Q: 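A single structure is presented below for examination.
One-based numbering along the sequence shown. Computed over heavy atoms, backbone and side chain alike; hydrogens, waters and symmetry mates excluded. One-based numbering, in listed order, for ligands and for the atoms of each. Predicted model, so just to flag it, every value in this text is computed and none were measured.
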Amino acid sequence: MKALVVGGGVAGPATALALHQVGIEATVLEAWPRSDGEAGSWFTLAPNGLHALDLLGARHLAAGIGFPSERNVMAGATGRVLGSMSLGVPLEDGTVAVTMKRSRLAAALLGEAERRGIEVCHASRVTEVASSSDGVTVNLEDGSTVAGDLLVGADGVRSMVRQAIDPHAAPARYVGLTNFGGITERTPLAATLPARQWHFVFGSRAFFGAHPTPDGDVVWFVNVPGPAITRAERAARTPEQWQDRLVELLADDAGPAADLVRTGRLELWADNTHDLPRVARWHRDRMVIVGDAAHAPSPSSGQGASLALEDAVVLATCLRDGGTVEEALTAYDTARRDRVERIVAAGARSSSSKIPGRTGRAVRDAMMRLVFRFVVTERSSAWITGHRVRWDPEAAPALPSGS
Ligand SMILES: Cc1cc2nc3c(=O)[nH]c(=O)nc-3n(C[C@H](O)[C@H](O)[C@H](O)COP(=O)(O)OP(=O)(O)OC[C@H]3O[C@@H](n4cnc5c(N)ncnc54)[C@H](O)[C@@H]3O)c2cc1C
């Protein structure tokens, strides 16, 4: 069997590695040219995602590009701590969550795929896909066509494969926050933040997050509530002007937020945040979607990449364990849907809590203290980060070509 995987982010190369592991040949088609992995924002891979990566024999990649993160500590605009919780149930050997650049993880996974002999095609934007009961074809921007037995759409929240499976699929939803991210290098402010922790501030006008790195840098992000920023609005300010705007928004809040942003460098700006609440159809004929293409949770969930890695393992397992392609894709949908939809819903609640409401600051802080004490706790979140997808090596071999 030959699988065409559209997308070389997190889900695409992870799925190619998983398919390769069960004997299915895969080709990854990524729209952008090969990158150095330095673009965009930082994120945290939770233990459930690290476990999936481990099953793919690729956990060392995360350790090589990231640093450990143990806790989230939440404060209000006055600096008063509202709550604190671990970043998830550690793996059996004690490994905790890892913070890294998203683009570095994608580059590392693509490199690992190539190292294992998987074909990775950069600068290969897919423009059209077709599927029948016999096989799949994709057209590329350069006019060429590629054929295979299975098409995996790992093409992100604006997935074209999702639309091909179901032209009526609802588009992604703006969650009311615009994201900015950056880094302040070699800063004395790093020493003011506890190591191995995300420091979050429910600020008076924006939500702020910062994490010191082992090198003495601080990586940070700012979520600004408000209507989505249009392309024209984004282009109307330079990154430095956006940075000045963020400093204004953070100026009244206690802690190092405003100083970190003022002395740092923006790496991501005016990026509207979306989620994808429910996609009714994840597969049709020989096409299937994984990762953000199927179920993008809001970034506030801290779970998108981990879910993409879990998907990769489960999809490969279902294809390996026999039956027709249609049966395998149905089994994958059944195995994954409930979990990911619950996490998308939890992520949406988490995003809403970052948007200051009509209540005053003191009331909001009091409510958040109660939420972190009784509602969003390590215990209540254990089902998310304590989940471990299974990879049973004793199961049946992969589907033969054309089944
Ligand atoms: C600001 C921010 C912070 C986040 N923080 C976290 C976090 O802390 N923890 C976490 O787990 N997740 C986090 N996430 C979510 C995480 O980044 C995503 O869930 C994850 O990247 C999804 O991976 P994916 O491969 O499904 O999609 P993507 O990473 O979007 O990759 C899709 C790929 O498909 C390619 N593509 C698209 N269309 C085509 C086409 N037509 N032809 C060929 N290629 C195509 C794209 O170029 C891209 O490389 C965050 C997201 C954002 C935006």
Q: Under 6.0 Å from the ring centre and within 45 degrees of the ring axis: does the NZ or CZ of R342 meet both conditions for the six-membered ring of W383?
A: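 Cation-pi check for R342 and W383: passes.
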Q: Between R281 and D166, is there a salt bridge with N-O shorter than 4.0 Å?
A: no
Q: Please determine if E378 and R71 form a salt bridge, counting it only when a charged side-chain N lies under 4.0 Å from a carboxylate O.
A: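 Yes, E378 and R71 are salt-bridged.
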Q: So if I count the atoms of ligand 1 from 1 in the order they appear, which ones are less than 4.0 Å from some heavy atom of T44?
A: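 Answer, ordered by atom number: 7 (C), 8 (O), 9 (N), 10 (C), 11 (O).
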Q: Starting from atom 26 (O) of ligand 1, find the nearest protein heavy-atom neighbour and note its residue, name and distance.
A: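 Here the nearest protein heavy atom works out to D292 N, 2.9 Å.
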Q: Do R173 and D275 meet the salt-bridge criterion of a basic N to acidic O distance under 4.0 Å?
A: yes
Q: Does R320 qualify as a cation-pi partner of W391, given the criterion of NZ or CZ under 6.0 Å from the six-membered ring centre and within 45 degrees of its axis?
A: yes
Q: Considering the heavy atoms of V6, write down every atom of ligand 1 situated less than 4.0 Å from one of them.
A: 40 (C), 42 (N), 43 (C)
Q: Using modelled atom types only, decide if a donor and an acceptor are shared between the side chain of S301 and the backbone of P297 within a distance under 3.5 Å.
A: no
Q: How far is atom 6 (C) of ligand 1 from the closest protein heavy atom, and which atom is that?
A: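 Nearest neighbour among protein heavy atoms for atom 6 (C) of ligand 1, to 0.1 Å: F43 CB, 3.3 Å.
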Q: Any heavy atom of L45 sitting closer than 4.0 Å to ligand 1?
A: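 Judged by the 4.0 Å heavy-atom criterion, L45 does not count as contacting ligand 1.
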Q: Numbering the atoms of ligand 1 from 1, which are under 4.0 Å from a heavy atom of S124?
A: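 Taking each heavy atom of S124 in turn, ligand 1 has 43 (C) under 4.0 Å.
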Q: Does the cation-pi check pass for R337 over W282, that is, NZ or CZ under 6.0 Å from the six-membered ring centre and within 45° of its axis?
A: yes
Q: Less than 3.5 Å between some nitrogen or oxygen of M160 and one of ligand 1, yes or no?
A: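 Min N/O separation from ligand 1 is not below 3.5 Å for M160.
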Q: Are any side-chain N or O atoms of T263 and backbone N or O atoms of D259, one a donor and one an acceptor, separated by less than 3.5 Å?
A: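 Checking the backbone N and O of D259 against the side chain of T263, a donor-acceptor pair under 3.5 Å is found.
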Q: Considering both backbone and side-chain atoms of G304, is one of its nitrogen or oxygen atoms within less than 3.5 Å of a nitrogen or oxygen in ligand 1?
A: yes
Q: Look at atom 50 (C) of ligand 1 and say which protein heavy atom is nearest, naming residue and atom and giving the distance to 0.1 Å.
A: P299 CB, 3.8 Å
Q: Just need the protein heavy atom nearest to atom 23 (O) of ligand 1, so name the residue and atom and give the distance.
A: V10 CB, 3.8 Å
Q: N/O of V157 under 3.5 Å from N/O of ligand 1, yes or no?
A: no
Q: Taking non-hydrogen atoms only, is F221 closer than 4.0 angstrom to ligand 1 via side chain, backbone, both or neither?
A: neither
Q: What atoms of ligand 1 come within less than 4.0 Å of a heavy atom belonging to S306?
A: 11 (O)
Q: Starting from atom 21 (O) of ligand 1, find the nearest protein heavy-atom neighbour and note its residue, name and distance.
A: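 Checked against all protein heavy atoms, atom 21 (O) of ligand 1 sits closest to R102 NE, 3.4 Å.
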Q: Main chain of N179, side chain of N223: is a donor-acceptor contact present, judged purely on distance under 3.5 Å?
A: no
Q: Got a second to check how far R245's CZ is from F180's CZ, nearest 0.5 Å?
A: 9.0 Å
Q: Would R125 pass as a cation-pi partner of W32, given that its NZ or CZ must be under 6.0 Å from the six-membered ring centre and within 45 degrees of the axis?
A: yes
Q: Can you pull out the closest protein heavy atom to atom 27 (O) of ligand 1? Residue, atom name and distance to 0.1 Å, please.
A: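 Closest protein heavy atom to atom 27 (O) of ligand 1: G156 CA, 3.7 Å.
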Q: What protein heavy atom sits nearest atom 1 (C) of ligand 1, and how far off is it?
A: N179 ND2, 2.7 Å
Q: Counting from 1, what ligand 1 atoms have a heavy atom of A154 closer than 4.0 Å?
A: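 So the answer, numbered in order with elements, is 32 (C), 33 (C), 34 (O).
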Q: Out of V96, L87, V89, which one pairs with T385 under the side-chain contact (heavy atoms from CB on, under 4.5 Å) rule?
A: V89
Q: Return the residue, atom name and 0.1 Å-rounded distance of the protein heavy atom closest to atom 39 (C) of ligand 1.
A: D155 CB, 4.0 Å
Q: May I ask you to check whether S41 has an N/O atom sitting below 3.5 Å from an N/O atom of ligand 1?
A: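 For ligand 1, there is no N or O atom that lies under 3.5 Å from one belonging to S41.
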Q: If the cut-off is 4.0 Å to any non-hydrogen atom of G291, which atoms of ligand 1 fall inside it?
A: 26 (O)
Q: Number the atoms of ligand 1 from 1 as they appear, then name those within less than 4.0 Å of a heavy atom of E30, with their elements.
A: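 Near E30, the atoms of ligand 1 are 33 (C), 34 (O), 35 (C), 43 (C), 44 (N), 46 (C), 47 (O), 48 (C), 49 (O).
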Q: Mark up the atoms of ligand 1 that fall under 4.0 Å of a heavy atom belonging to Q303, in ascending order.
A: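 Checking each atom against Q303, I get 9 (N), 10 (C), 11 (O).
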Q: Could you check whether E114 pairs with R34 (Lys NZ or Arg NE/NH1/NH2 to Asp/Glu carboxylate O, under 4.0 Å)?
A: yes
Q: In terms of side-chain geometry, is the basic nitrogen of R339 or E310 positioned less than 4.0 Å from the acidic oxygen of its partner?
A: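 Salt bridge flag = yes for E310 with R339.
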Q: Taking distance alone, with no angle check, do A305 and ligand 1 share an N/O pair under 3.5 Å?
A: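 N/O-N/O distance below 3.5 Å exists for this pair.
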Q: Looking at H199, is its backbone amide N or carbonyl O close enough to the side chain of Q197 to form a donor-acceptor pair, meaning the two atoms are under 3.5 Å apart?
A: no
Q: For A11, is at least one N or O under 3.5 Å away from an N or O on ligand 1?
A: yes
Q: Looking only at distance, does W42 have an N or O less than 3.5 Å from an N or O of ligand 1?
A: no
